[in-house]
**Student:** 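Encoded as structure tokens, here's the structure I'll be asking about.
The chains referred to below are lettered A, B, ... by the order of the sequence lines, with proteins before strands, and numbering in each begins at 1.
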There are 2 protein chains.
Amino acid sequence: MNQTMEKDKTDKKDHILDVAEKVFAELGYEGASTRLISGEANVNMAMLNYYFGSKEGVFLAIFERRIASFQSVLLSIGNDGSTNSWEKLNKYIESYVDRVVNNNCFHVMLNREISKSKKTDLTDQITKILMKNVIVFQDIIDNGIKCGEFNKDVDPQLLVATIFGTKNYIVNTPHISSLIIGYDVMDKDNQDEKLKPRLKTYLKKLLKAYLVNENDNNK
Amino acid sequence: MNQTMEKDKTDKKDHILDVAEKVFAELGYEGASTRLISGEANVNMAMLNYYFGSKEGVFLAIFERRIASFQSVLLSIGNDGSTNSWEKLNKYIESYVDRVVNNNCFHVMLNREISKSKKTDLTDQITKILMKNVIVFQDIIDNGIKCGEFNKDVDPQLLVATIFGTKNYIVNTPHISSLIIGYDVMDKDNQDEKLKPRLKTYLKKLLKAYLVNENDNNK
DNA sequence: CAAAATTAATCAATCGTTTGATTAATTTTG
DNA sequence: CAAAATTAATCAAACGATTGATTAATTTTG
């Protein structure tokens with residue numbers, strides 16, 4: 001009858017988490033009430049506590065579900081010792097752009113939570129996860145510099161902020177980035193056909209200009 | 001007796017907005033209760049409504065207070081017709097980094113609010129303000145390209161995401177960026193002595209490599 | 001004294017959570 | 001196999017706590 005039917009059989013928990021992820025991304029943790037989440041998911045309010053213990057339990061379950069894919073993708077790139085630094089960087093960019101754009105709701109939710117300056121167990125946990133991601137990227141850059149593949153006078157740490165920040169800006173401020181870029185960045189078709197390839201080529205070109213150009217950047 | 005004394009005489013309203021700005025940045029709009037804000041500001045809860053009408057009134061008042069300085073700085077750069085594009089860009093970067101780092105609480109608050117995908121009156125209002133900022137930057141880039149000062153095969157729109165995104169990443173995710181950069185980015189002394197100059201030189205170098213290097217970036 | 005500022009007390013509404021009852025599905029028992 | 005016992009899933013209703021807001025009384029100010 002309704003759109004939840006096909007999921008009921010497979011996994012109701014996953015359906016709840018899918019809906020909760022969207023609502024949290026839309027309204028923030030405190031802004032999303034348990035009544036709204038359960039209503040959107042077409043389940044009784046008590047089911048949230050029955051399944052996940054509490055509202056925070058729902059929130060954490062969303063994270064645990066996404067972390068698995070995070071880790072596996074990271075290792076596959078880090079252990080790829082066959083290619084040079086520039087190729088590794090390209091692979092990293094490609095998989096990262098795909099992953100973030102595909103799970104943009106989750107990343108909006110994540111970034112909103114981590115932007116709270118007060119330290120909590122959750123922010124600590126998120127920080128650890130994200131830092132693993134950062135270190136893989138930094139290792140690639142550092143190795144490239146050691147091998148002479150990349151310029152020596154670069155700032156690898158701020159380059160991290162640029163890569164992740166550029167992505168965050170597009171994903172986290174869709175109202176603005178859609179205006180800037182010229183089409184709705186939240187639209188699935190636009191994401192696959194336009195945004196992803198454009199973002200990939202842009203980031204590669206930006207990185208190349210900064211990392212491997214021979215010109216003296218010190219004037 | 002307490003730290004609010006010196007401000008009581010000057011302007012109590014401003015003091016409340018200062019505190020509210022911090023609390024909103026820490027906990028988000030829904031996460032920050034009027035009781036907590038009034039408690040932190042050492043004023044009676046009813047004073048918030050007496051002065052600003054409502055909680056949302058407090059929130060909007062924070063914006064209105066910051067917008068004025070926004071606009072004036074923007075115009076001063078946009079109307080500076082005496083210099084070339086690269087010099088304009090440098091000026092823009094300098095003033096922008098200073099402004100954002102100084103008012104980091106406000107910008108955290110602003111970005112958390114604009115990251116909500118649901119359109120509201122507030123997100124529309126914020127979008128308009130931020131777009132003014134974006135357009136000034138884009139005009140500089142576009143002019144530079146027309147004059148032949150900058151490369152033609154660049155992506156000015158995504159470059160906007162890079163500039164603002166890099167800044168956002170450092171300011172909005174202090175737990176992570178502090179780990180990456182190596183010192184507490186929320187510390188006032190670190191901001192003035194280390195972060196600001198480093199960020200300025202980095203952004204300039206990054207822009208120069210991408211915009212004005214003569215090498216073919218299309219290999 | 002009149003106006004403005006400030007307070008404590010209180011309001012209805014909503015929050016996340018818990019409850020007891022009911023149904024559906026599964027397992028155990030005779 | 002069929003009846004009984006047990007478990008899991010689901011529900012409407014209500015819980016105490018907290019929310020933003022308002023009231024009426026009091027104090028401060030010019």
**Student:** Among D/dT22, C/dT18, D/dG20, which nucleotide sits nearest the side chain of B/Arg35?
**Tutor:** D/dG20
**Student:** Output the rounded distance in Å from CG (A/Asn49) to C1' (C/dG16).
**Tutor:** 7 Å
**Student:** What contact category does A/Thr34 fall into here, base, sugar-phosphate, or nothing, at under 4.0 angstrom with non-hydrogen atoms?
**Tutor:** base
**Student:** Report the base-pairing partner of D/dA25 (Watson-Crick or G-U wobble, both distances below 3.5 angstrom), or none.
**Tutor:** C/dT6
**Student:** Between B/Ser54 and D/dG20, is there a contact of a side-chain N or O with OP1 or OP2 at under 4.0 Å?
**Tutor:** no
**Student:** Hey, are B/Thr173 and A/Ser115 close enough side-chain-wise for a donor-acceptor pair under 3.5 Å?
**Tutor:**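 Judged by distance alone, the side chains do not pair up.
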**Student:** Under a 3.5 Å limit for both distances, which nucleotide forms a Watson-Crick or G-U wobble pair with C/dT18, could you say?
**Tutor:** D/dA13
**Student:** Keeping the roles fixed (side chain from B/Ser178, backbone from B/His175), state whether a donor-acceptor pair exists under 3.5 Å.
**Tutor:**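 Between the backbone of B/His175 and the side chain of B/Ser178 there is no qualifying donor-acceptor contact (under 3.5 Å).
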**Student:** Identify each atom pair where a protein N or O and an N or O of nucleotides 6-9 of chain C are less than 3.5 Å apart, giving names and distance.
**Tutor:**
unit_1: C/dT6; atom_1: OP1; unit_2: B/Lys12; atom_2: NZ; d: 3.1
unit_1: C/dT6; atom_1: OP2; unit_2: B/Tyr51; atom_2: OH; d: 2.8
unit_1: C/dT7; atom_1: OP2; unit_2: B/Asn44; atom_2: N; d: 3.2
unit_1: C/dA8; atom_1: OP2; unit_2: B/Asn44; atom_2: ND2; d: 3.4

**Student:** Specify the separation, in whole Å, of atom CG of B/Leu36 and atom P of D/dT19.
**Tutor:** 9 Å
**Student:** Could you tell me whether B/Asp155 and A/Lys205 make a salt bridge, using a distance below 4.0 angstrom between a side-chain N and a carboxylate O?
**Tutor:** no
**Student:** Between B/Asp192 and B/Lys196, is the closest basic N to carboxylate O distance under 4.0 Å?
**Tutor:**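 A salt bridge is present here (some side-chain N lies under 4.0 Å from a carboxylate O).
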**Student:** Using a strict cut-off of less than 4.0 Å between a Lys/Arg side-chain nitrogen and an Asp/Glu carboxylate oxygen, indicate whether A/Lys22 and A/Glu40 qualify as a salt bridge.
**Tutor:** no
**Student:** Roughly, in whole Å, what's the span from CZ in A/Phe52 to P in C/dT17?
**Tutor:**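 Distance check: A/Phe52 CZ to C/dT17 P gives 13 Å.
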**Student:** Could you please name the option among C/dC15, D/dA21, D/dT19 that lies closest to any side-chain atom of A/Ser33?
**Tutor:**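 Nearest nucleotide to the side chain: C/dC15.
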**Student:** Does D/dT19 have a Watson-Crick or wobble partner in any strand here, with both distances under 3.5 angstrom, and which is it?
**Tutor:** C/dA12
**Student:** Quick one: look up who D/dG30 pairs with, Watson-Crick or G-U, both distances under 3.5 Å, and put none if it's unpaired.
**Tutor:** C/dC1
**Student:** To the nearest Å, how far apart are B/Glu30 CD and D/dT18 P?
**Tutor:** 19 Å
**Student:** B/Leu27 has an atom CG; how far is it from atom P of D/dT19, in whole Å?
**Tutor:** 11 Å
**Student:** Quick test of your reading of the model: are B/Lys116 and A/Glu30 salt-bridged, counting only N-O distances below 4.0 Å?
**Tutor:** no
**Student:** Nearest whole Å is fine: how far is C/dC15 P from B/Lys55 NZ?
**Tutor:** 12 Å
**Student:** Between P on D/dA21 and CD on B/Glu56, what's the gap in Å once rounded to a whole number?
**Tutor:** 9 Å
**Student:** Do NZ/NE/NH1/NH2 and the carboxylate oxygens of B/Lys194 and B/Asp189 come within less than 4.0 Å?
**Tutor:**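 B/Asp189 and B/Lys194: not salt-bridged.
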